[in-house]
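In listed order, ligands and their atoms are each counted from 1. The model shown is predicted, which means the values in this text are computed figures rather than measured ones. Quick note: residue numbers are just sequence positions, from 1. Side chains included, hydrogens not; waters and symmetry mates left out as well; all remaining heavy atoms used.
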Amino acid sequence: MSLYLVTGGAGFVGSYLVRFLLDKGESVRVLDNFSTGKRENLDEVSSRVDLVEGDLNDPEAVAKAVRGVDFVLHEAAIPSVPRSIEKPMESHEANATGTLMLLQAAQAAGVGRLVYASSSSVYGANPELPKVETMRTQPLSPYAVAKLTAEHYCMVFHKLYGLETVALRYFNVFGPRQDPNSPYSGVVSRFIDAIVSDTPPTIHGDGEQTRDFTYVDNVAHANFAACHEAAAAGGVYNIGCQKRISVNELWNTMAELSGRHLEPKREPARSGDVPHSLADISAARRDLGLDPKIGVRDGLEKTLSFYIPSPQ
Ligand code: UD1
């Protein structure tokens, strides 16, 4: 049994990872400041989790959180491209400086490996598809800049200080417990909110922008493999399904699966929005042995049934 620290363990991806690890019989500690994470995300598992409440930028909290830890899964972040455009400094402090603080503490504590939740947003304006890890990054938002900066810090800590790090570039993750209640929430959770509240969803732009939507369980398997596969140390990997659908197709699928055929409201395209996104996952297949088990349609069914226990 190993001890895993999940930063942002009360958030959407983090709380899924906590359950995944507990199911495997591992020991889990969570570091969360509950800025975007929620206590109720850990409700049924809280008695089995060691919770350190604190901020990534609080050296004492971080030092306490990494003590005795074998693996760090670093999910804590302030997500959202539009939020970062409104508040770039907030995004930088949480996503870039916060990661540097964690890396220093993990290095000092002798952590075995740190797996960092990076983002497909780092590819930004680069028009080539699919996205390959060696491709030039062209961030389009402060969020993407901060995520890429932190990724570079991870690689430098590996090269200079010998701390094993792995960066996973998540491609539009969705699933249960993704907060639907903010205008900054991911599109799948916004569409679920529309279905549950029976109000029209909003589609930005013509809806023909595409994403490689990735069910959260695939991300959990990727994190576990990234901790344990020797070849992964110092690597950067796309985590997606290597399939893309448009936002219009996403809505049509969700409408069909839920039986709620609401007419979407059309709004202007968001600034900083990436037109198309698709992962090349050859590197993750090769080094992490990954083969995404749950495709977008199955993932959407699972997510819908979490919010609507018996969809029509
Ligand atoms: C981006 C990153 C993703 C990262 C996430 C963090 C890319 C390709 N992806 O996601 O890796 O994890 O930020 O927040 O850069 N939309 C609607 N209606 C809505 C909400 C969104 O039409 O109600 C549209 C958006 O304009 C966008 C798409 O849906 O084109 C996806 O938006 P969202 O779910 O917010 O994620 P990204 O910004 O793509």
Exercise for the section: Determine, using the 4.5 Å side-chain heavy-atom cutoff (strictly less than), whether F71 and F20 are members of one ILVMFWY cluster. Expected result: yes

Indicate every side-chain donor-acceptor pair of residues 81-90 with a distance under 3.5 Å to a residue at least two apart or in another chain.
unit_1: R83; atom_1: NE; unit_2: E90; atom_2: OE1; d: 2.8
unit_1: R83; atom_1: NH2; unit_2: E90; atom_2: OE1; d: 3.4
unit_1: R83; atom_1: NH2; unit_2: E90; atom_2: OE2; d: 3.1
unit_1: S84; atom_1: OG; unit_2: V81; atom_2: O; d: 2.8
unit_1: S84; atom_1: OG; unit_2: Y143; atom_2: N; d: 2.9
unit_1: E86; atom_1: OE1; unit_2: Y184; atom_2: OH; d: 2.8

Handout entry: N218, D217, N223, V219 screened by side-chain contact (heavy atoms from CB on, under 4.5 Å) with H221, the one that passes
Key = D217

Handout entry: All pairs passing salt bridge (Lys or Arg N to Asp or Glu O under 4.0 Å) where residues 228-238 contributes a residue, at least two apart
Key = none

Exercise for the section: Please identify each residue that fulfils side chain to side chain donor-acceptor pair (under 3.5 Å) with S119, with sequence neighbours left out. Expected result: S121

Exercise for the section: Please determine if R29 forms a cation-pi arrangement with Y4, meaning its NZ or CZ atom is less than 6.0 Å from the six-membered ring centre and no more than 45° off the ring axis. Expected result: no

Exercise for the section: Can you tell me which residues line ligand 1 if we count any heavy atom under 4.0 angstrom from one of its atoms, in chain and number order? Expected result: P79, S80, V81, S119, S120, S121, Y143, Y170, N172, G186, V187, R190, T202, I203, H204, Q209, R211, V247, R270, D273, V274, S277

